[in-house]
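Positions are given from 1, in the same order as the sequence printed here.
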Amino acid sequence: MSTKLVIGLDGDSSGERALAFAKDLSKLIGACELLVVYVIEWSPFSFQTAEENAERHKRREEEITTAMARVVEPAVAALTAARLSARGIVRHGDVADTLNAVAKKEGAAQIIVARSTDNSLKKRIFGSATAQLVMEADVPVTVIG
């Protein structure tokens with residue numbers, strides 16, 4: 001049985017730091033599967049017409065395809081080139097909730113994310129997805145600085 005590690009990517013350089021840490025950790029663990037996860041923030045709470053819902057669904061599918069091609073597939077390719085077991089997942093939703101749900105569903109032992117350098121007003125008022133994940137995750141969370 002192999003250990004599963006969830007790596008949360010944000011499409012920025014902080015994701016590269018999380019990948020590098022997970023790569024090193026997986027070599028120490030041995031039998032390990034790396035789950036590269038990108039979450040597209042998406043709120044299910046909106047009231048729309050049937051036409052708007054159809055357009056929204058189309059946009060969701062386009063976003064998933066774009067995220068897989070630009071962020072997840074290159075990361076998975078780099079990990080598999082290093083002879084590591086890896087696969088990619090893209091989901092819509094709240095970042096912390098979605099990473100935790102993926103970890104639970106997949107039976108992951110740990111979630112690895114990197115601290116963002118975003119210092120926006122929104123983050124200062126509402127907190128970060130990383131902080132929320134650390135407080136609410138069902139498995140250990142490693143935050144890379």
### Task
Determine, step by step, whether Leu9 and Glu16 satisfy the side-chain contact (heavy atoms from CB on, under 4.5 Å) criterion, reporting the C-alpha distance in whole Å, the side-chain angles of both residues, the deciding distance to 0.1 Å, and the verdict.
CA-CA 8 Å; Leu9 295 186; Glu16 295 297 322; over 6 Å; no
### Query
If you draw a 6.0 Å radius around CZ in Arg60, do more than 12 non-hydrogen atoms from other residues or ligands fall strictly inside?
yes
### Message
With no hydrogens and no angle check, just 3.5 Å: does a side-chain donor-acceptor pair link Gln110 and Thr142?
### Response
yes
### Query
Going hydrophobic residue to hydrophobic residue with side-chain gaps under 4.5 angstrom, can you get from Ile7 over to Val95?
no
### Task
Please report the shortest heavy-atom distance between Ala109 and Thr3, naming the atom on each side.
CB-CG2, 3.7 Å
### Message
To the closest 0.5 Å, what do you measure between CG (Leu34) and CZ (Arg87)?
### Response
10.5 Å
### Message
Can you tell me how far apart CG (Leu99) and CD (Gln132) are? Round to the nearest 0.5 Å.
### Response
10.0 Å
### Query
Side chains of Lys23 and Leu79: does their closest heavy-atom pair fall under 4.5 Å?
yes
### Task
Could you state whether Leu5 and Val76 fall into the same hydrophobic cluster, counting links through intermediate Ile, Leu, Val, Met, Phe, Trp or Tyr residues with side-chain heavy atoms under 4.5 angstrom apart?
yes
### Message
Keeping Lys4 on the side-chain end and Glu106 on the backbone end, is there a donor-acceptor pair under 3.5 Å?
### Response
yes
## Note on the structure
Tightest non-hydrogen contact, residues Asp10 and Tyr38, listed as C-CE1, 3.6 Å
### Task
Measure across Ala129 and Ala96 and return the closest heavy-atom pair with its distance rounded to 0.1 Å.
O-CB, 3.7 Å
### Message
Could you tell me if the side chain of Leu19 sits less than 4.5 Å from the side chain of Val36, heavy atoms only?
### Response
yes
### Query
Minimum heavy-atom separation for Ile112 to Ala22, with atom names?
CD1-CB, 3.7 Å
#### Entry: Value rounded to 0.5 Å, distance of OG1 in Thr65 from CZ in Arg70
11.0 Å
### Query
Rounded to the nearest 0.5 Å, what separation is found between the CG atom of Leu133 and the CE atom of Met135?
9.5 Å
### Summary
dist Glu41:CD -> Thr98:OG1 (nearest 0.5 Å) comes out at 8.5 Å
#### Entry: For Lys104, all residues meeting salt bridge (Lys or Arg N to Asp or Glu O under 4.0 Å), sequence neighbours excluded
Asp138
### Task
Output all residues satisfying side chain to side chain contact (heavy atoms under 4.5 Å, CB included) with Ala114, sequence neighbours left out; order by chain, then residue number.
Ser14, Arg17, Ala18, Ile144
### Query
Is Val39 reachable from Ile64 through a run of hydrophobic residues whose side-chain heavy atoms are each under 4.5 Å from the next?
no
## Note on the structure
Note: Val139 and Ile111 closest approach over all heavy atoms is CG2-CG1, 3.6 Å
### Message
Which residues pass the salt bridge (Lys or Arg N to Asp or Glu O under 4.0 Å) test with Glu73, not counting sequence neighbours?
### Response
none
### Query
Is any side-chain heavy atom of Leu84 closer than 4.5 Å to a side-chain heavy atom of Lys27?
yes
### Task
Report whether Val6 and Leu25 are members of the same hydrophobic cluster (ILVMFWY, side-chain heavy atoms less than 4.5 Å apart, transitive linking).
no
### Message
Working to the nearest 0.5 angstrom, can you tell me the gap between Ser2 OG and Ile29 CD1?
### Response
10.0 Å
### Query
Is Val141 reachable from Val102 through a run of hydrophobic residues whose side-chain heavy atoms are each under 4.5 Å from the next?
yes
